[in-house]
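First the structure, in the form of structure tokens, and then the observations on it.
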Amino acid sequence: MEPQYNPARTEREAQSHWRSTGAFRAREDAAKPKYYCLSMFPYPSGKLHMGHVRNYTIGDVLTRYHRMRGCNVLQPMGWDAFGLPAENAAIANAQPPAAWTYANIAYMKRQLQSLGFALDWERELATCDPRYYRWNQWLFLRMLERGLVYKKTGVVNWDPVDQTVLANEQVIDGRGWRTGALVEKREIPMYYMRITAYADELLDALQRLPGWPERVKLMQANWIGKSHGVNFGFPYALDGERRVMRVFTTRADTIMGVTFCAVAAEHPLAEAAARRDPQVAAFVEECKRGSVMEADLATIEKKGVPTGIFVTHPLTQERIEVWVGNYVLIGYGEGAVMAVPGHDERDFAFAKKYGLPIRQVIEVPGKRFSTDAWQPWYADYGVCVRSGKYDGLDYERAVDAIAADLARLGLGEKQVQWRLRDWGISRQRYWGTPIPIIHCDACGDVPVPDDDLPVVLPEDCVPDGSGNPLAKLPSFYACQCPKCGRPARRETDTMDTFVDSSWYYLRFCCPDNDAAMVDERTAYWMPVDQYIGGIEHAILHLLYSRFWTKVMRDLGLVAVEEPFTNLLTQGMVLNEIFYRKGEGGRIAYYNPADVEVKLDDAGKRLGAVLRADGRAVESDGIGTMSKSKNNGVDPQALIEQYGADTARFFIIFTSPPEQSLEWSDAGVDGAHRFLRRLWAFAAQWRPALLETSKMRAGSVAGHAYPGDLAARAPHVAKLRREIHGVLGQANYDMQRMQFNTVASAAMKMLNALQEAAVTQPGALADELRLALHEAMSILLRVLYPITPHLAHTLWHELGFAGELMDAAWPEVDQAALETDEIELVVQVNGKLRGHVRVPKDADRASIEQAALAVDAVRKHTEGKAVKKVIVVPGKLANVVVA
RNA sequence: GCCGGGAUGGCGGAACUGGUAGACGCAGCGGACUCAAAAUCCGCCGGUGGCGACACCAUGAGAGUUCGAUUCUCUCUCCCGGCACCA
């Protein structure tokens with residue numbers, strides 16, 4: 001054994017040992033409880049970043065821990081390989097996305113392997129592989145057959161210069177990222193998946209996911225957004241035709257306060273008004289410019305124009321004017337809303353701005369209504385006033401009565417409304433799963449027959465930013481109609497990459513099956529016992545995966561109701577974002593490693609410059625590490641300098657998993673120092689520990705301190721008390737997944753070991769030797785999930801039995817924790833004033849007496865009446881004085 | 001704007017069910033070893049006052065509940081994530 005820690009050699013040897021023994025190959029084994037541990041697979045952006053290291057280290061810790069607890073573990077890895085960055089890289093480097101992606105996968109795979117994760121690489125998959133995405137296409141066709149896929153128009157960002165559809169990410173301040181042209185909204189036909197058909201179940205089943213964080217379930221519930229209300233119509237006549245404008249409201253109790261209505265720019269009424277009023281037309285045009293993002297729509301100034309069209313209030317017969325409002329969403333509800341400025345904040349602001357009437361129709365006791373300024377209580381539930389026959393009714397009764405009256409008129413009914421919209425999966429892009437549809441002039445949209453799957457994506461295209469290259473590639477799109485055999489055109493849109501990631505966890509169970517999407521092996525491994533990934537996926541990816549699983553269940557393909565039993569949402573790894581704005585609004589991002597932050601003498605920040613040219617760069621604050629913002633930190637330098645175990649230990653130690661983390665490598669030295677110190681300690685005491693290992697090799701208890709040998713020496717008893725006390729905490733922390741304090745626990749154990757060992761530097765007494773042996777065995781097992789190479793190597797070097805990865809997780813010896821006396825905290829009026837030692841089984845009265853006898857307590861209670869003494873057994877005594 | 005989360009020393013963080021605030025580290029300071037440096041080891045290390053014993057203040061800000069609040073409640077500020085075409 002080398003006297004000094006050599007991470008490169010340790011890791012090389014441990015990894016080759018694991019590789020040659022196939023240590024992490026997962027096989028179905030009905031005899032053992034299974035544990036499927038999955039980390040969200042990475043997008044192959046080029047290099048791993050710290051977020052990946054954090055994510056996969058957490059997964060690895062859990063996988064190795066559960067294996068020691070006796071589980072048959074599966075931890076697979078794959079590549080979320082389709083997506084936009086590959087096309088961006090293609091534009092920049094004139095290289096096909098496929099070549100770029102495969103090169104990135106090869107590099108990142110080596111990085112993952114160098115980190116020593118216990119992955120079953122035989123199950124590796126990449127979503128850009130036709131053997132994978134053919135099943136996207138296959139399931140798409142099954143969903144199409146069942147009406148779960150349909151076609152309708154959707155709104156996209158259109159760059160008029162490049163003649164291409166832009167992702168939201170590619171729109172910066174309303175302009176195309178490459179051209180700087182003002183982006184327009186455009187409606188195009190797209191395929192949708194009917195996730196709304198599962199809205200009720202997706203919401204309901206959240207209650208049966210106790211292993212998910214409450215906040216994620218809350219976010220999903222809010223996203224699905226079930227609301228109860230009334231859908232009703234305002235009759236009107238237009239061009240001599242009698243029609244009805246439908247709206248949905250959750251506040252039907254305020255219906256008598258309607259003073260106007262508002263419709264979205266895309267609403268038929270707005271279009272009708274635009275045809276005869278140029279002002280309305282201009283406003284509708286204005287609304288069609290700008291972003292399609294909800295966040296932008298929500299923050300823009302609320303504006304509108306009157307259409308000159310009037311509808312009839314269904315209950316009062318009042319004439320109500322219709323406005324076009326830029327804040328009304330065509331995609332939500334009916335694209336039209338009734339406006340009650342008295343009791344809706346948005347409507348109030350709108351009415352104030354345009355001088356429209358505001359009417360109070362809800363009263364809350366003790367509150368005074370005024371049209372001067374909005375007050376939050378205006379939106380509260382109360383009692384109807386100035387509402388004719390509904391006066392005096394509370395919310396529930398008013399809604400019931402109004403819904404009944406509207407129903408009698410044939411104009412409305414109660415309705416459940418969802419915020420959730422169907423999932424648009426069409427992308428006008430090249431690097432994705434081709435949608436298996438053929439457009440025939442005679443037969444319409446014809447599904448590609450199953451026998452013709454997969455529709456293979458050509459891998460040699462180089463996008464140039466001006467639209468989808470597939471649409472310019474006759475060898476791809478030219479085809480025959482499967483129905484009539486006449487020339488036809490293949491669909492050139494591809495699928496949203498969320499499709500790929502919606503079921504990869506199922507494919508990991510049976511990645512080698514070329515005949516079926518999934519097979520019976522999913523019954524063994526599914527559901528995923530522990531899923532780990534960034535909190536940024538709390539809604540979309542996780543909701544789509546839940547939906548997809550339910551669809552597959554209904555198709556009889558899998559048996560599970562929900563894909564992920566337990567979810568750990570990892571906090572983001574953040575770093576500062578630096579950029580420069582070039583001509584035409586183009587933005588270039590610079591990696592923080594290449595930027596120097598300038599400080600003044602007082603340490604105040606003056607600015608930042610790019611090291612390469614010394615010119616200033618702007619800061620865009622801190623944000624999640626990403627390819628697009630170029631603020632990732634490559635872990636490679638860290639691994640090369642310190643080794644994988646240090647990188648793993650550091651990322652685990654520096655923060656609890658769920659917390660977001662601003663990247664800083666301060667402290668890496670400390671992590672490395674600890675591992676060196678542990679190695680040196682092991683090397684120093686190796687002869688004694690080896691000898692003890694030999695002596696105890698046949699012991700059933702393994703490495704536990706023998707129960708028949710009482711630890712009489714105080715320093716031995718102290719060591720055992722400390723080790724087992726820390727172990728108890730570590731076990732608790734492991735279970736609640738607070739791994740940073742498990743790492744701390746390992747450090748505390750080494751500190752205790754060193755302290756105990758120096759107490760008797762000469763010949764080791766048997767008692768101490770056995771206690772050190774036991775403590776070291778516990779320490780290595782606790783540390784193994786975090787720093788497996790080092791722990792594995794020391795385990796062998798010190799002669800501990802068997803393979804560490806299959807050693808049983810250590811348990812606390814309660815006998816080691818016992819003491820005769822305990823120390824209690826003594827407070828006066830809740831303030832710490834001293835300590836007192838009492839027998840461990842002391843009763844309340846004697847504790848009270850002991851507390852009152854403490855000098856500091858006497859000083860602070862002198863001349864005052866003691867009202868009572870609060871005794872918390874085992875913890876404290878608090879003397880309360882007047 | 002809406003939904004979800006967070007804020008504790010110079011820094012990362014700890015404090016289990018409301019019970020010793022600052023575990024474990026980093027950085028810093030002082031010392032030992034050394035010709036010297038690195039490595040290693042020992043000590044100190046929230047703030048203010050005091051030689052000291054000790055006292056007071058302190059968990060983003062402000063209020064409240066409690067014998068006692070980092071922990072529970074309310075209001076506010078700032079930061080992070082999501083908002084349906086980044087993944």
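In the text below, chain A, chain B and the rest are named by the order of the sequence lines, each starting its count at 1.
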(request) Report, as yes or no, whether the 6.0 Å neighbourhood of atom NZ on A:Lys152 holds more than 12 heavy atoms from other residues, nucleotides or ligands. (result)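 It does: A:Lys152 NZ has more than 12 such atoms within range.
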
(request) Determine the interplanar angle of the A:Phe649 and A:Phe653 rings, folded into 0 to 90°, and report it as parallel if under 30°, tilted if 30 to 60°, perpendicular if over 60°. (result)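 The rings of A:Phe649 and A:Phe653 lie parallel, inter-plane angle below 30°.
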
Ignoring hydrogens and angles, write down the donor-acceptor pairs under 3.5 Å from the side chains of residues 737-748 of chain A, residues two or more places apart or on other chains.
residue, atom, partner, partner atom, Å
A:Gln738, NE2, A:Thr741, OG1, 3.0
A:Thr741, OG1, A:Asp733, OD2, 2.7
A:Thr741, OG1, A:Gln738, O, 2.9
A:Ser744, OG, A:Asn740, O, 3.3

(message) Of the listed nucleotides (B:G13, B:C41, B:A23), which one gets closest to any side-chain atom of A:Arg677?
(response)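 Nearest to the side chain of A:Arg677 among the choices is B:C41.
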
(message) Applying side chain to side chain contact (heavy atoms under 4.5 Å, CB included), can you list everything that pairs with A:Leu218, at least two apart in sequence or on another chain?
(response)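 With neighbours one apart ignored, the set is A:Asn222.
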
(message) Once side chain to side chain contact (heavy atoms under 4.5 Å, CB included) is applied, do any residues pair with A:Val881, and if so which ones, sequence neighbours excluded?
(response)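 Listed in chain order: A:Val828, A:Asn829, A:Thr861, A:Lys864, A:Val866, A:Val879.
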
(request) Round to a whole Å and report the spacing from CD of A:Glu722 to P of B:C24. (result)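 From A:Glu722 CD to B:C24 P: 11 Å.
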
(message) Rounding to an integer number of Å, can you tell me how far A:Leu661 CG sits from B:C11 P?
(response)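 Rounded to the whole Å, the gap is 15 Å.
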
(message) Could you check whether any side-chain heavy atom of A:Ile577 comes within less than 4.5 Å of a side-chain heavy atom of A:Tyr589, counting everything from C-beta outward?
(response)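 SC-SC contact between A:Ile577 and A:Tyr589 confirmed.
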
(request) Report the stems of RNA chain B as range-with-range entries sorted by first number; a stem here is at least three consecutive pairs, Watson-Crick or G-U wobble, both distances under 3.5 Å, and write none if there are none. (result)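 RNA chain B stems, ordered by first number: B:1-7 with B:77-83, B:10-12 with B:24-26, B:28-32 with B:40-44, B:46-49 with B:54-57, B:60-64 with B:72-76.
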
(request) Could you tell me whether A:Glu87 and A:Arg427 make a salt bridge, using a distance below 4.0 angstrom between a side-chain N and a carboxylate O? (result)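 Looking at A:Arg427 together with A:Glu87, the answer is no, because their closest N to O distance does not fall below 4.0 Å.
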
(message) Counting primed atoms plus P, OP1 and OP2 as sugar-phosphate and everything else as base, spell out the protein contacts along nucleotides 79-87 of chain B at 4.0 Å heavy-atom distance: B, S or - for each nucleotide, 5' to 3'.
(response) -SBSBBBSB

(request) Using a 4.0 Å cut-off on protein heavy atoms (strictly under), produce a 5'-to-3' string for nucleotides 50-78 of chain B with B for base contact, S for backbone-only sugar-phosphate contact, and - for none. (result) -----SSS---------BS----------

Looking at every strand, decide which applies to [X] at a 4.0 Å heavy-atom threshold: base, sugar-phosphate, or nothing.
X	value
A:Arg346	nothing
A:Asn751	sugar-phosphate
A:Leu876	base

Answer yes or no: does a side-chain N or O of [X] lie under 4.0 Å from OP1 or OP2 of [N]?
X	N	answer
A:Asn740	B:A14	yes
A:Gln738	B:C16	no
A:Ser655	B:G13	yes

(message) Tell me every residue that passes ring-ring contact (aromatic ring centres under 6.0 Å, His included) with A:Trp663, counting only those two or more places apart in sequence or in another chain.
(response)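 Partners of A:Trp663 under the ring-ring contact (aromatic ring centres under 6.0 Å, His included) test: A:Phe650.
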
Once salt bridge (Lys or Arg N to Asp or Glu O under 4.0 Å) is applied, do any residues pair with [X], and if so which ones, sequence neighbours excluded?
X	result
A:Lys303	A:Glu286
A:Arg844	none
A:Asp665	none

With rounding to whole Å, what would you report as the distance between [N] and [M] at their [atom1] atoms?
N	M	atom1	value
B:C54	B:G60	C1'	30 Å
B:G46	B:C11	C1'	13 Å
B:U8	B:G62	P	16 Å

(message) Closest-nucleotide mapping onto RNA chain B: is A:Gln729 or A:Asn222 further toward the 5' terminus? I mean the 5' end.
(response)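 Mapping each residue to its closest nucleotide by heavy atoms, the 5'-most match is A:Asn222.
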
(message) With the threshold set at under 4.0 Å for non-hydrogen atoms, list the residues of residues 667-676 of chain A touching RNA chain B in residue-number order.
(response)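 Within residues 667-676 of chain A, the residues near RNA chain B are A:Gly667, A:Gly670, A:Arg673, A:Arg676.
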
(message) Check for me whether the distance between the ring centres of A:Trp503 and A:Tyr132 falls short of 6.0 Å.
(response)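 Aromatic pair counts; centres sit under 6.0 Å.
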
(request) Quick one: list whatever passes side chain to side chain donor-acceptor pair (under 3.5 Å) with A:Gln220, sequence neighbours left out. (result)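 For A:Gln220 the side chain to side chain donor-acceptor pair (under 3.5 Å) partners, ignoring immediate neighbours, are A:Arg546.
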
